[in-house]
Amino acid sequence: ADATDIPKCEELVNIDSSPLCHHGIREVPCWVAQIIRRWRPWRIKLDDGEEEDEEEAEDADDLPVEFSEVQSSSDEYDTDLVIPWGFRAPTVPQAVATQRLRNLCRCVGAAMIVRPCNHIESISCADAFFSPIPPCNEIVNITCEKENCRLERKYPCHKFEAILTSGVGDSCMNIVPKQCHNCGVNIVPVPCSKDIVECNRRVTDRLACGHEVSWHCKNDADPRRKPLLESCIGCVIPLWDAIVDEGKHLIESCKTDSELNKILVVSVRNQALDFISKKLVDLGQKDWKFDFKLDLTPQDLAKHALARSKIMDIYKEVMRRKALAISLPPPSLREYGFLEDFYDIIIQSPSTANGTESPMVKCKQYFSNYHQKEYGLGGKYRLLSMKGIKQIKQSDDGSRSFYVCVVFRHRVLEEAAPFKVTAGNNHRKKNHHNQDANDKANEKIRFYTGKGYDCVDVMETKPNEPLIPTGERCYWERGVVIPIAQVRLKPQSQCSVCMDYFSQGEGLPCASGEHFLCWENCFFPYIESAKAPGAIGRCVDADGNLTCPGCKNAAPYTVQHVASIGGSPEALEAIMSLRQKVVSERLIAEALDEQKERLTKEFERIQQIANITERTAHMTRLRIVEDILTLRCPRCKTAFMDFDGCFALTCSKNSCYAGFCAWCLQDCGADAHGHVPRCKENGNGGNVYGTEVQFKAHHQRRRERLVREMFGSQSKEVQDYLRVLLTKDLSDLNIQL
């Protein structure tokens, strides 16, 4: 019988020493035992995948050197096999599948796997060599390193190793108290692993001065990081109290009429005069003087100080309620420079009221009266500015006279719509409406003064448009105005181009009055630039009017405007010349458009002629009339007829301005003066100038020559047609074929 037909011996036998682990194996089939005994699992594989020959392999039955054996605690076998992590895998005999080999190699011993974490796990040798090694589930005790936590947690070893290798670290979620990183005061319960802690609630702490301060950690700025007088209400309030009490002290001291008060009055008056003078100089005004300076009395100053105190007392209380940011009070009236940041300069036309009072008395009376305005009961005055000065009526000598005052203001209400509107024409309803409107407006004043406001910017309202500042301000507290003087001023305006200041006679304001051009440096050069190509839309409007550099098309320098403000004859002539030039160019452009349309229609008509000879004659006639009989600019083809005596011509069409020769009509670039003396057709001995008779005679001869040349270049049939077509055109110019 064939050896392959002999059945395998299934008799169960024992193996005393497995070549895999040197442990015994019990009850395996005899044929498998023979394979296992011949198996050399630790034979080294060569680079080409083949195994070492038995003759070359030394100690093939020995275990790998990295393995070791230790005394076993079991009675069934003597030693346990210690296997390091990352050992090399054994070879598998081809006759037995790996899975079955694992089941057949169940030895009586055990393998002890030494993991990288140094934990040792005992498993069967077959599982150690032929199955994936499970993760280490040894329980590890981890204690949080942070002092205020020290929580002990238990992890399976493989999970703890995963945390370490991830780079994220262990996130301790134990809730511990931590100090807020922003305020450094509040304690917040947060997870231990959270490093950035924000309390997001109110904080109470003491400043260096010892006063307690409170703020919201997230929403408010930390007052401890500000200067002490900007953060401590306890330190700031006494400063406000001192300034508030100043008015009361002045009222009391006025009863004694002390010399000290007189010195203070003189100091305030002189500072106010210097303050006004500096502002006028900043506005570029040089030609001005004080008509008179008002006498300021200690009583006047005391009333003003009392009004100041009332405003600041209200503001102080609002600030104390923490409705406003902490700020320092305005400086005392005794401090030099107290006007700089808290006082406006206002102007007003002199009072025209009849009476025997002196101008000084009239001035004081005017500013002591308050009236119902669109922003309630108060004094509405014009702030000192060039716009405000120009609204003052001008006297015959060109000067403007006005009262000038300084007025205290602390908090201005900006961009607020008027508090009341006017009623219709029904007087009964109007009176009732006005009373209601006044009451509501005054109620709004009480509302805003309760928030620390003491005045409001006056705004103009128009339907469907944003609010427009008027340059005025309405003051609600009586006594804040200190009348200082009456000023007589000849306004000087700043040129919008060179930015220098000039008197009214040295330049010209635009129609809006907002901008100004000086005569010498800017107005006339601006007109010359307006004559350059492409100036329409930039310096000149479509009607030929010079536009204002600031207003553009909104307020042009029209002839009527220049004449109405007494412009010089030279300015009027320049404006009129510019307008005539622009209008003439516009008419030329319109004529060119009409001519182009006419030629297009004529060309289309000629193209409809069926007879080729007749069509050619009509086209030739069109060329003779347009290109020879009509004199044109060689560049833009604009027709011209005028001759002023110079044969170096310049095209008048805007955006062309070609220089060309009036003899030969050659394009000479920007200037033809260099070409004309050398022109071959110059019939005046090389002279640039000539007479109109010479000009017309030359072009009569030139036309005849060019017409005959073109007529002679045509066939006899075309000439017959052409002679008839040109009869009227040539007879008008006395040209014979």
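Quick note: numbers below take in every heavy atom, side chains included, and nothing from hydrogens, waters or symmetry partners.
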Using 4.0 Å as the upper bound for N to carboxylate O, is an ion pair formed by [Y] and [X]?
| X | Y | answer |
| --- | --- | --- |
| D436 | K440 | no |
| K716 | D720 | yes |
| K380 | E374 | yes |

Answer yes or no: is there a donor N or O on one side and an acceptor on the other, between the side chain of [X] and the main chain of [Y], under 3.5 Å?
| X | Y | answer |
| --- | --- | --- |
| N682 | N687 | yes |
| E704 | I735 | no |
| R411 | K451 | yes |
| T630 | V625 | yes |
| Q394 | R400 | no |
| S399 | R488 | no |
| N611 | E614 | yes |
| Q372 | A437 | no |

Is it true that atom [atom1] of [X] has more than 12 heavy atoms of other residues, nucleotides or ligands lying nearer than 6.0 Å?
| X | atom1 | answer |
| --- | --- | --- |
| Y689 | OH | no |
| E415 | CD | no |
| R623 | CZ | no |
| R678 | CZ | no |
| I468 | CD1 | yes |

Could you check if a side-chain atom of [X] sits within less than 4.5 angstrom of a side-chain atom of [Y], using non-hydrogen atoms only?
| X | Y | answer |
| --- | --- | --- |
| L384 | L280 | yes |
| Y381 | V407 | no |
| R632 | E626 | yes |
| P418 | T461 | yes |
| C664 | H675 | yes |
| P509 | F516 | yes |
| R605 | H618 | yes |
| S385 | L383 | no |

>> Under 6.0 Å between ring centres: does that hold for F640 and F660?
In response: yes
Straight-line distance of [X] [atom1] to [Y] [atom2], nearest 0.5 Å:
| X | Y | atom1 | atom2 | result |
| --- | --- | --- | --- | --- |
| Q348 | I392 | CD | CD1 | 6.5 Å |
| I345 | F275 | CD1 | CZ | 4.5 Å |
| F290 | I484 | CZ | CD1 | 9.0 Å |
| L283 | K278 | CG | NZ | 10.5 Å |
| Q285 | K490 | CD | NZ | 13.0 Å |
| L730 | R621 | CG | CZ | 9.5 Å |

Nearest heavy atoms of [X] and [Y], plus distance in Å:
| X | Y | answer |
| --- | --- | --- |
| L725 | D729 | O-OD2, 3.8 Å |
| Y370 | G378 | CD2-CA, 3.4 Å |
| L273 | A485 | CD2-CB, 4.3 Å |
| C518 | C498 | SG-SG, 3.9 Å |
| A672 | C661 | CB-N, 4.1 Å |
| A662 | L649 | CB-CD1, 3.6 Å |

>> side-chain hydrogen bond (donor to acceptor under 3.5 Å, both in side chains), that's the test. Do Y475 and D344 meet it? Break it down for me.
In response: CA-CA 11 Å; Y475 303 88; D344 294 329; 2.7 Å; yes
> Passes side chain to side chain contact (heavy atoms under 4.5 Å, CB included), L665 versus H699? Steps please.
Replying inline: CA-CA 10 Å; L665 303 183; H699 282 287; 4.1 Å; yes
>> Using side chain to side chain contact (heavy atoms under 4.5 Å, CB included), reason through L339 and D274 one step at a time and then give a plain yes or no.
In response: CA-CA 10 Å; L339 295 163; D274 291 342; over 6 Å; no
> So I628 and R702, side chain to side chain contact (heavy atoms under 4.5 Å, CB included) or not? Walk me through it.
Replying inline: CA-CA 9 Å; I628 297 177; R702 182 176 177 275; 5.9 Å; no
Specify whether [X] and [Y] have parallel, tilted or perpendicular ring planes, treating 30° as the upper limit for parallel and 60° as the lower limit for perpendicular.
| X | Y | result |
| --- | --- | --- |
| H698 | W663 | perpendicular |
| Y375 | F419 | perpendicular |
| H410 | F408 | parallel |

> Passes side chain to side chain contact (heavy atoms under 4.5 Å, CB included), V480 versus R409? Steps please.
Replying inline: CA-CA 8 Å; V480 292; R409 53 105 181 100; over 6 Å; no
